[in-house]
Amino acid sequence: MNMKITSLALVTVLTALSPLAHAQKPVETIIDGVAGFQDTPMEPDGKWHVHDPARPQPPIVTPGTFSQNATPPSDAIVLFDGKDLSQWRDKGKGGPAQWRVEDGVAVSAKGDIVTTNKFGDIQLHLEFREPTPPRDSGQGRGNSGIFFMGLYEVQVLDCYNNKTYADGATGGLYGQHPALANACRPPGEWETYDIIFTAPRFGEGGKLESPAYATVILNGVVVQNHQAFRGATNWRSLGSYSPHDAELPLGLQYHNNSVSFRNIWVRKVPMVNEP
Ligand code: MG
């Protein structure tokens, strides 16, 4: 055994013994069948931990009927029309998007994808379909996500007969604000997101002037009403802002589930700050 390996082994043993390392190991808590965490930071409201399983579940609202797979408005920037993913690239490697396109549908696989173009304030339309039969539970069931500016996630999950921590359910601003309602359709049926996203504004020295906002309509039901993000969304930590460009690529998450997408388009809708 050479010195290098011996040192590495020693560091490994010390790390394992350190109380800090022990404290950082996530401890899942299950309350009323909801798996989440209570060893995470408290949200600024002082009521709930990040991903708190005790946080109330969004009330179930059965969506009504409305138009799906409809033609985009004439000034829309079409990001996926069923043909190819030429408007997207692989987030990790930067090459072509690795998702499958079959029967006019893009299916998440291998890694996150991001748009080749950059966006700030936008209206987004997107349709998704959760896998059927459903597999796994909680965050493991049909997880994907829409990452505005690559940083601010509106959760995509199969929450039809599937409980998870409220701030991680469908329509939630992940880890921050649960949806106002659970308007999920059953897996195997197409679901529609219409989202108005406002980019954060940063001033002198990168100081935050106004946060990012999202108004989220899921299957025709408002589930976020001009809700502010507390910062970039993360697993098990509070959101925080770091200054960034006014426009950044839009991302879609691959989370080890095959989630289908179709009819993705955006319109640029710059918010005017002055009254
Ligand atoms: Mg997600």
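One-based numbering, in listed order, for ligands and for the atoms of each.
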A.B. asks: Looking at residues at least two apart in the chain, or sitting in another chain, which of them share a side chain to side chain contact (heavy atoms under 4.5 Å, CB included) with Leu208?
C.D. replies: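 Side chain to side chain contact (heavy atoms under 4.5 Å, CB included) list for Leu208, sorted by chain: Pro200, Phe202, Tyr241.
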A.B. asks: When you measure from the side chain of Asp112 to the backbone N and O of Tyr254, does any donor-acceptor pair fall under 3.5 Å?
C.D. replies: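 Such a contact is found between Asp112 side chain and Tyr254 backbone.
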A.B. asks: I want to know whether His49 and Tyr165 have ring centres closer than 6.0 Å.
C.D. replies: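 Distance test on ring centres: not under 6.0 Å, no.
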A.B. asks: State, without any angle test, whether Glu28 and Gln38 hold a side-chain donor-acceptor pair at a distance under 3.5 Å.
C.D. replies: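 No donor-acceptor contact under 3.5 Å links the two side chains.
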A.B. asks: Tell me if the aromatic rings of Tyr213 and Phe197 count as close, with their centers under 6.0 Å from one another.
C.D. replies: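 Centroid distance Tyr213-Phe197: not below 6.0 Å, so no.
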A.B. asks: Which residues and atoms, protein N, O or S only, are under 2.8 Å from the Mg ion (ligand 1)?
C.D. replies: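 Protein N/O/S atoms under 2.8 Å of the Mg ion (ligand 1): Asn143 OD1, Ser144 O, Glu153 OE2, Gln155 OE1, Gln253 OE1.
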A.B. asks: Taking atom types as modelled, find out whether Gln224 and His226 have a side-chain donor-acceptor pair closer than 3.5 angstrom.
C.D. replies: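 No pair is found: no donor N or O on one side chain lies under 3.5 Å from an acceptor on the other.
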